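Worksheet for the structure shown next.
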There are 2 protein chains.
Amino acid sequence: MDDALAFSSLVLALSGHLVQEIHTRVAREGFEDLRPAHGFAFARISRGDATTADLAAHLGVTKQAAAQLVEELVRKGYVERRPHPRDARAKLLALTGSGLAATRAADRAAREAVAPWREALGEERFGALVTDLARLTPPGPIRPAW
Amino acid sequence: MDDALAFSSLVLALSGHLVQEIHTRVAREGFEDLRPAHGFAFARISRGDATTADLAAHLGVTKQAAAQLVEELVRKGYVERRPHPRDARAKLLALTGSGLAATRAADRAAREAVAPWREALGEERFGALVTDLARLTPPGPIRPAW
DNA sequence: TCTTTATGGACAAGCCGCTTGTCCAAAGGA
DNA sequence: TCCTTTGGACAAGCGGCTTGTCCATAAAGA
């Protein structure tokens, strides 16, 4: 009867595990200077056409916080700033080779982390699970939550 | 067949929304001085027999961080420290009336946040969803993840 | 029992991610 | 052309967390 409460706990617990799993695996692949929060930035930047202000909106933080994050990612060689073609104030953010490699590693890590769950449920139920979750999840950026 | 990647994104997005929803609702009920992270502490303390060190382990932070959190919750009137019956060093943490009220508000908020999802899927599929998620979720404390 | 080691908690200093506040130059609408 | 908006930078500060140290009590070993 208290499915609702159980559901909340499960989603929270699951996402916690997932983040931890992905982070650990990505670090093991050599990206030890990246932290979970960086992944959310990569997600936006890899979509293209992102300025620092866009990134701030995507992450739900202030421009200054985003600028600081970008500065760090640039310094570590994952991101580069390019002049914006139509706006002399702005700079376009782009992933470097390392940045791309890191996002690929993260994708791989996510798949690996999910794989055992997929097996545990079987293809069919897992597919249904994804379908149902997709129906529930409101649109909007994925961002760190707490 | 990139269900696995989709699943990761969905779980992350869903938990983000959930945290945000719960936090907003709890704040609206008058608990504006509580933040999402506090909920995880309440969860452990309400289970009973918790010392500050237990709490630290539960949250995955250092003793000092936990002590600081406890200090804050005590100052705000949600938690009280009692002498430990069998250990003169330790202090047992317990929720005050306010603390209990806050946890109830959080539970209610969680149910309200989930309700529309439950309706969207229908009782049957929602139940199946909870069952499946429960099979996936490894045991262990629920803690802030990033 | 006495000695050693582990543990709950407190104090201090410091880091880091984020905030608010301010400013400037470029862009864009009236 | 003026006025407002917006991308970005600089500065200061806060809060949550860390490491490091210490003490008193507990628990374990001789």
Side-chain angles (χ1 to χ4, degrees), chain A residues 16 19-20 23 27 32-42 44-45 47-76 78-94 141 143-146, chain B residues 16 19-20 23 27 32-42 44-45 47-76 78-94 141 143-146:
Chain A
V19 168
Q20 199 49 54
H23 178 235
E32 297 172 20
D33 55 355
L34 288 179
R35 315 217 284 113
H38 295 139
F40 301 95
F42 279 38
R44 175 63 190 88
I45 297 174
R47 247 179 47 205
D49 277 329
T51 64
T52 298
D54 291 334
L55 187 58
H58 176 82
L59 297 177
V61 299
T62 58
K63 286 189 300 178
Q64 291 78 350
Q68 213 166 297
L69 185 66
V70 167
E71 176 57 33
E72 181 191 353
L73 291 177
V74 167
R75 181 167 37 81
K76 291 180 174 171
Y78 294 109
V79 170
E80 59 184 15
R81 283 181 272 239
R82 301 177 182 170
H84 192 290
R86 285 176 309 282
D87 189 334
R89 297 168 305 172
K91 290 166 188 167
L92 273 186
L93 304 176
R143 55 171 70 150
W146 62 80
Chain B
V19 168
Q20 199 49 54
H23 178 234
E32 297 172 20
D33 55 354
L34 287 179
R35 315 216 285 113
H38 294 140
F40 300 95
F42 279 39
R44 177 62 191 87
I45 297 175
R47 246 179 48 205
D49 277 330
T51 64
T52 298
D54 291 333
L55 186 58
H58 176 81
L59 296 177
V61 298
T62 58
K63 286 189 298 177
Q64 292 79 349
Q68 211 167 297
L69 186 65
V70 167
E71 177 56 34
E72 181 191 353
L73 291 177
V74 167
R75 180 168 38 80
K76 291 180 176 173
Y78 294 109
V79 169
E80 59 183 15
R81 282 181 272 238
R82 300 176 182 170
H84 193 290
R86 286 178 308 282
D87 189 333
R89 296 168 306 174
K91 288 167 190 168
L92 273 186
L93 304 176
R143 56 172 69 151
W146 61 80

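Source: prediction; values computed, not measured. Just the heavy atoms: all of them, side chains too, but no hydrogens, waters or symmetry mates, feed the values below. In what follows, chains carry the letters A, B, and so on, assigned in the order in which the sequence lines appear, proteins first and then strands, with residues in each chain numbered from 1.
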**OP:** I would like to know whether B:Arg44 and B:Leu59 meet side-chain contact (heavy atoms from CB on, under 4.5 Å); could you show each step before the answer?
**Re:** CA-CA 9 Å; B:Arg44 177 62 191 87; B:Leu59 296 177; over 6 Å; no
**OP:** Give the intermediate values and the outcome of side-chain contact (heavy atoms from CB on, under 4.5 Å) for residues B:His38 and B:Leu69.
**Re:** CA-CA 8 Å; B:His38 294 140; B:Leu69 186 65; 3.3 Å; yes
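In the region residues 65-73 of chain A, proximity to DNA chain D at under 4.0 angstrom, judged on heavy atoms, holds for none of the residues.
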Distances under 3.5 Å only, N/O to N/O: pair up the protein atoms with those of nucleotides 19-21 of chain D.
from, atom 1, to, atom 2, distance (Å)
D:dG20, O6, B:Gln64, NE2, 2.6

Kindly give the atom pairs (protein nitrogen or oxygen, nucleotide nitrogen or oxygen) under 3.5 Å for nucleotides 27-30 of chain C.
from, atom 1, to, atom 2, distance (Å)
C:dA27, OP1, A:Ala88, N, 2.9

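Among residues two or more places apart in sequence or in another chain, the side-chain contact (heavy atoms from CB on, under 4.5 Å) test is passed with B:Asp49 by B:Leu92. For B:Ala66, the side-chain contact (heavy atoms from CB on, under 4.5 Å) test picks out B:Thr52, B:Ala56, B:Val61, with sequence neighbours left out.
Nucleotide C:dC16 holds its C1' atom 16 Å from the CG atom of A:Leu34, rounded to whole Å.
For A:Arg35 (side chain) and A:Gly39 (main-chain N/O), no donor-acceptor pair under 3.5 Å exists by modelled atom type.
The structure places CD of B:Gln68 at 9.0 Å from CD of B:Glu71, a figure rounded to the nearest 0.5 Å.
Remark on the helix from C:dT1-D:dA30 to C:dA30-D:dT1: inter-end axis angle 30°, axes from five-pair C1' superpositions, rounded to 10°.
Using a 4.0 Å heavy-atom distance criterion, A:Arg35 is classed as a sugar-phosphate-only contact.
Taking each heavy atom of A:Thr51 and A:His84 in turn, the nearest pair found is CG2-CD2, 4.3 Å.
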